[in-house]
Amino acid sequence: MRQALGVVRRNEWVNGRYKHLTVYAPGLAQVSQAGQFFHLLCGADVTSVLLRRPMSIYQMDPGRDELHFLYHVKGEGTRLLAEKQVGHTLDLVGPLGHGFTLAAPWRHVLVVARGVGMATLAPLIASARQRDVAVDVILSARTAADVLGEREFQAIGARVFTVTDATGSSQPEAVRMRVETLLGQGHTDAVYTCGSARLTRMLGEVANRWGLPGQVALEEHMACGIGMCQGCTRVFRREGSAVHLRVCREGPVFPLAEVMDA
Amino acid sequence: MRQALGVVRRNEWVNGRYKHLTVYAPGLAQVSQAGQFFHLLCGADVTSVLLRRPMSIYQMDPGRDELHFLYHVKGEGTRLLAEKQVGHTLDLVGPLGHGFTLAAPWRHVLVVARGVGMATLAPLIASARQRDVAVDVILSARTAADVLGEREFQAIGARVFTVTDATGSSQPEAVRMRVETLLGQGHTDAVYTCGSARLTRMLGEVANRWGLPGQVALEEHMACGIGMCQGCTRVFRREGSAVHLRVCREGPVFPLAEVMDA
Amino acid sequence: MTSADLSVQIGQLSLRNPVMPASGTFSEDLAEFIPLNELGALVTKSITLDVREGNPGPRLAETAAGLLNAIGIPSKGVAQFIAETLPFYRNFTAPLVPSISGDTAAEFARLAVLLSSEPVVRGLEVNISCPNLEDDGKSFAMDPVQTYRVLRQVRQATRLPVWAKLSPNVQSIAEVALAAQEAGADAVVVANTLLGMAIDVETRRPKLGNVTGGLSGPAVKPIILRMVHQVAKVVRIPVIGVGGIRSAEDVLEYLMAGATAVQVGTYNFVHPQGMVEVIAGLQKYLQRHGYASVRELIGSVIT
Amino acid sequence: MTSADLSVQIGQLSLRNPVMPASGTFSEDLAEFIPLNELGALVTKSITLDVREGNPGPRLAETAAGLLNAIGIPSKGVAQFIAETLPFYRNFTAPLVPSISGDTAAEFARLAVLLSSEPVVRGLEVNISCPNLEDDGKSFAMDPVQTYRVLRQVRQATRLPVWAKLSPNVQSIAEVALAAQEAGADAVVVANTLLGMAIDVETRRPKLGNVTGGLSGPAVKPIILRMVHQVAKVVRIPVIGVGGIRSAEDVLEYLMAGATAVQVGTYNFVHPQGMVEVIAGLQKYLQRHGYASVRELIGSVIT
Ligand SMILES: Cc1cc2nc3c(=O)[nH]c(=O)nc-3n(C[C@H](O)[C@H](O)[C@H](O)COP(=O)(O)OP(=O)(O)OC[C@H]3O[C@@H](n4cnc5c(N)ncnc54)[C@H](O)[C@@H]3O)c2cc1C
Ligand SMILES: Cc1cc2nc3c(=O)[nH]c(=O)nc-3n(C[C@H](O)[C@H](O)[C@H](O)COP(=O)(O)OP(=O)(O)OC[C@H]3O[C@@H](n4cnc5c(N)ncnc54)[C@H](O)[C@@H]3O)c2cc1C
Ligand SMILES: Cc1cc2nc3c(=O)[nH]c(=O)nc-3n(C[C@H](O)[C@H](O)[C@H](O)COP(=O)(O)O)c2cc1C
Ligand SMILES: Cc1cc2nc3c(=O)[nH]c(=O)nc-3n(C[C@H](O)[C@H](O)[C@H](O)COP(=O)(O)O)c2cc1C
Ligand code: FES
Ligand code: FES
């Protein structure tokens, strides 16, 4: 974990709302894990936007010394990030937090991603497939055009299901039925999710009912990203009591069973 | 005078400290006069730098619908201005203030410019030469490398003298001697200056002694640039009494004889 | 879509919309950029009884998302103001609300009397909060008793609507607002600038000739918004919010916090056309959210 | 060039340089980014006697050049702080100054007693100014009498240097500073955050779970700098300036205005290595201007 200067290699639109950012940052991909994040300085100075913006690692490419991010251009911070040109420097702090765990004996996992939550789960899916773990992915988005990653995940051998608001198939109850069907096939060892509070609650209930381990990557507004400000804490169920934990430091990935206020 | 959006056509370094900015801004060059200025929005939003930056018109090219500025990259505002790329928009308010006057009977004028003050005087020199008025120009700068405009002014037929800090020739007393010599030749109808308080005081005294009309373009920190805030007022001698005048509105060009606190 | 009703009521005065310029950040000069009649009201730079010069320069210093000013109250005096400035505003229908400033309660009352006989004057903003006039930034508005005293005398001197412009450099602005209300003010304007300072470390001199000055601009918005919320909770009269506004969203925050109208200051310097754009943005928001009137939003924050 | 002397003295405590983190914006975690021993001192997040949860979320909202926080004082309680946190700081030579927060003067005194027996603790910062603990942002530091009472009890409870952290949400911070001095404080820290608010206009809800919160960051610097100047003019004890620092120039402004040392808060979030760079920048300025010691600059503004 450190403060470093990377260089923008690519920063391109993948659809009308998301951009894919590739940063040359020697030594960082090697020490990054799926589910961890970087804290990016989006503006040129602290007065344009004061705080850094947390972004999950979307891909790490140690061979090319590259980090990839997939981000939704949402407000002022990501707008400034979207303006970065090839060759510009990018000040980044990370990798931060704790990533996903994929226990050695697990052979089959289920991943539920909503929107840009897919970016956070992408490196998990990639590393599971590398270890030849079977992966079912449910991708939820507003419209079919907003669905990202379908072909990318299929190409590495994941089974992908897409659900959208446009067709009503993304309703938590509909997704629950899909999940239950997949779990009913009897092979799933663990479930993962990111991107939606409602889906997180749903998946937590289902995982609990099936006695399956589950993990979620949470988002919370952050100031420091490194554990100092206590701005990102949320309440979790741990060892029988409610504890305040920092999403940036103890998370952003938490056991589904510990989540209380998703 | 209005708020308009121009488009950057060129924005290039002319030496290590100054940039030449060309802006396509239909209709504005036509109504601009030498000595007037524009108020430029340098940042992308009000929080990067809040206030606009006043910049003199360095050239106006009605044929191409272009305005030119020559600016010293000094602090945060001009640093942001320097980052503008070809094709970027530039929000400008102007032309503002009152420019220089060149009375019809005047056939020979003397111009004393210090540093980037030369940018403010350039369109005056150009229009004087266009009207076939003889122009003596004294260009003062820190070093020979910092002297700007020498060839440009010579090309249009001005007589140019350069003085620098490096050689000591730019000391007010040395410049005064040069001015007195030129005035001693007996042809000069008026004097103009911009860019140095010490040279302004000196030229004011000399003009007064020779009974010559003189004008100076002043600089003052500005908020609005259009007369509303009274942030740029200075005290002037007018009709026998000391009056507060707004540099942005009643100026930036004032009769040398009115200046009290240059 | 039918357009929403933007009009608001400040005591007896109806405004066609809740957006007006803040005192000292507006003058006749703006008429070259926007149609002044599209504004809710027109508030002038504070004027004084006699001629004043204002502070020595430099009078301005930029800070992070803020502006420090130590203009002081340069003024041509009320007589010249009546003779030279008022005629200009007769060409406009937007209500003119001169801001008045005095060194004593009696001066304020005298100004109120003189201006009340001018039909073009539709209200008075009583600037008891200018932080530059007296030592170390003190002002009438830093004391509820002084506030009451000044506003009471102005109230007795005029039938015009009277707005009290308060200072944010106090511990409990709600207390001062209550004093103004008690004295008969028709509205409170929250607030003037926060006392600040900046130093040029190369010269070791203050960046302002007056050493300290008033901080305005986006930087102060969270502070003043909080004050508007605190004041609106306790007073019955309308609150006019002013501090850091540069967008329709900012205006909406103020309305939701309890303001009935707002003033735009520093942003006029940055975008001469800014107020007109802000009013258009307000209309858009109301339509998008299906509000029939901007008045539905006043004090509507859900806490 | 020989390097300038950066050391300063806060009462009995010598600091190797005048730059330290502000309470609540620093933790052990920063050791992964910078060598903590390069800092002038180490000030912890405020701790309380008992366990506290802090405020409900959201706890953060960004504003123009500022940050609103309503963290509150989540705390594991002083017993656990002594058992778990203090051992970490035994590895460092930079003096540790825990910040303490209590609901009563007696609680502050008890905290002082408990921490005074720990050799690693080299001073105490008494946070009487947290704007989130009580209704509408009130705190001990809003009243000179309460300030005196708390500081007096802490003074009597410990021989450690005692720093009083003041609130900027007051009319006359100089008066409160004098009360702290009178009570025996060794330094005053000027100041905590300014009470502010922000509203999400789409949901009409405050952006902070606690409705209001404390504003920090570059936005507030001109205001706090002015307060440091006002306080330094009247007190004999050192002033520690804190508000919006993000560069060596900012530190220099504070020193020139009268501060003997400074704290860096929000900027640590933006640049974990920021304080070390600021210290280097300070050294450079001193050398460039030929000052032998940073102490020559304290209060050196030319007014
Ligand atoms: C651990 C983590 C990983 C993330 N990974 C990704 C990712 O891979 N791709 C992606 O598109 N987004 C991701 N996000 C969300 C992303 O950080 C926000 O969308 C971004 O901060 C918005 O900034 P803005 O200035 O554009 O928007 P604004 O809404 O203008 O931001 C205003 C403020 O709110 C904060 N904020 C707004 N939305 C969020 C949010 N969802 N989470 C945290 N803070 C927020 C901003 O940081 C800023 O301080 C992640 C968030 C976290 C906490
Ligand atoms: C009428 C007029 C015409 C000008 N024409 C030119 C020109 O043609 N070329 C050129 O290079 N410069 C010109 N200047 C000066 C130019 O405006 C400043 O150099 C510029 O504002 C500096 O901004 P900054 O953010 O880079 O510097 P900073 O020093 O960081 O600026 C900080 C603040 O001080 C103000 N400021 C700093 N220097 C000046 C100054 N000399 N005059 C007014 N305000 C200042 C800035 O506007 C800003 O508000 C002119 C100034 C005026 C008033
Ligand atoms: C340059 C300047 C001059 C001002 N003059 C006055 C004044 O004469 N009377 C007054 O009541 N307020 C005056 N103000 C304060 C503004 O009316 C307003 O309260 C303040 O600027 C906050 O609003 P803003 O953040 O939108 O600028 C002045 C502000 C500025 C920036
Ligand atoms: C997230 C956060 C938490 C804070 N917690 C405390 C605290 O526990 N005790 C305290 O005295 N001040 C606290 N402060 C105030 C800071 O110590 C400091 O006074 C303030 O942030 C101004 O400095 P800055 O502008 O450099 O951030 C906190 C500030 C922030 C931003
Ligand atoms: S963001 Fe600061 S502790 Fe998590
Ligand atoms: S800059 Fe505002 S009056 Fe001149």
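So that the names make sense, note that chain A is the first sequence line, chain B the second, and so on, each numbered from 1.
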Counting C-beta onward and ignoring hydrogens, is there a side-chain heavy-atom pair between His271(D) and Leu41(A) closer than 4.5 Å? yes
Show the nearest heavy-atom pair for residues [X] and [Y], with the distance to one decimal.
X: Cys229(A); Y: Leu60(D); value: SG-CD1, 4.4 Å
X: Gln3(A); Y: Pro272(D); value: OE1-CD, 3.3 Å
X: Met228(A); Y: Phe26(D); value: SD-CA, 3.7 Å
X: Ser27(D); Y: Gly227(A); value: OG-O, 3.8 Å
X: Leu50(A); Y: Leu67(D); value: CD2-N, 4.0 Å

Heavy-atom count check: over 12 atoms from other residues, nucleotides or ligands less than 6.0 Å from [X] [atom1]?
X: Arg9(A); atom1: CZ; result: yes
X: Arg237(A); atom1: CZ; result: yes
X: Glu53(D); atom1: CD; result: no

Contact winner vs chain D - [options], heavy-atom pairs under 4.5 Å:
options: Glu220(A), Arg52(A), Arg2(A), Met222(A); answer: Arg52(A)
options: Val235(A), Asp91(A), Thr233(A); answer: Thr233(A)
options: His39(A), His221(A), Arg53(A); answer: Arg53(A)

Segment of His244(A) engaging chain D (4.5 angstrom heavy-atom cut-off): side chain
Between Arg59(D), Lys45(D), Glu32(D), the one whose heavy-atom pairs under 4.5 Å with chain A are most numerous: Arg59(D)
The test is side chain to side chain contact (heavy atoms under 4.5 Å, CB included); show your working for Ile226(A) and Phe269(D) and say whether it passes. CA-CA 8 Å; Ile226(A) 61 174; Phe269(D) 304 158; over 6 Å; no
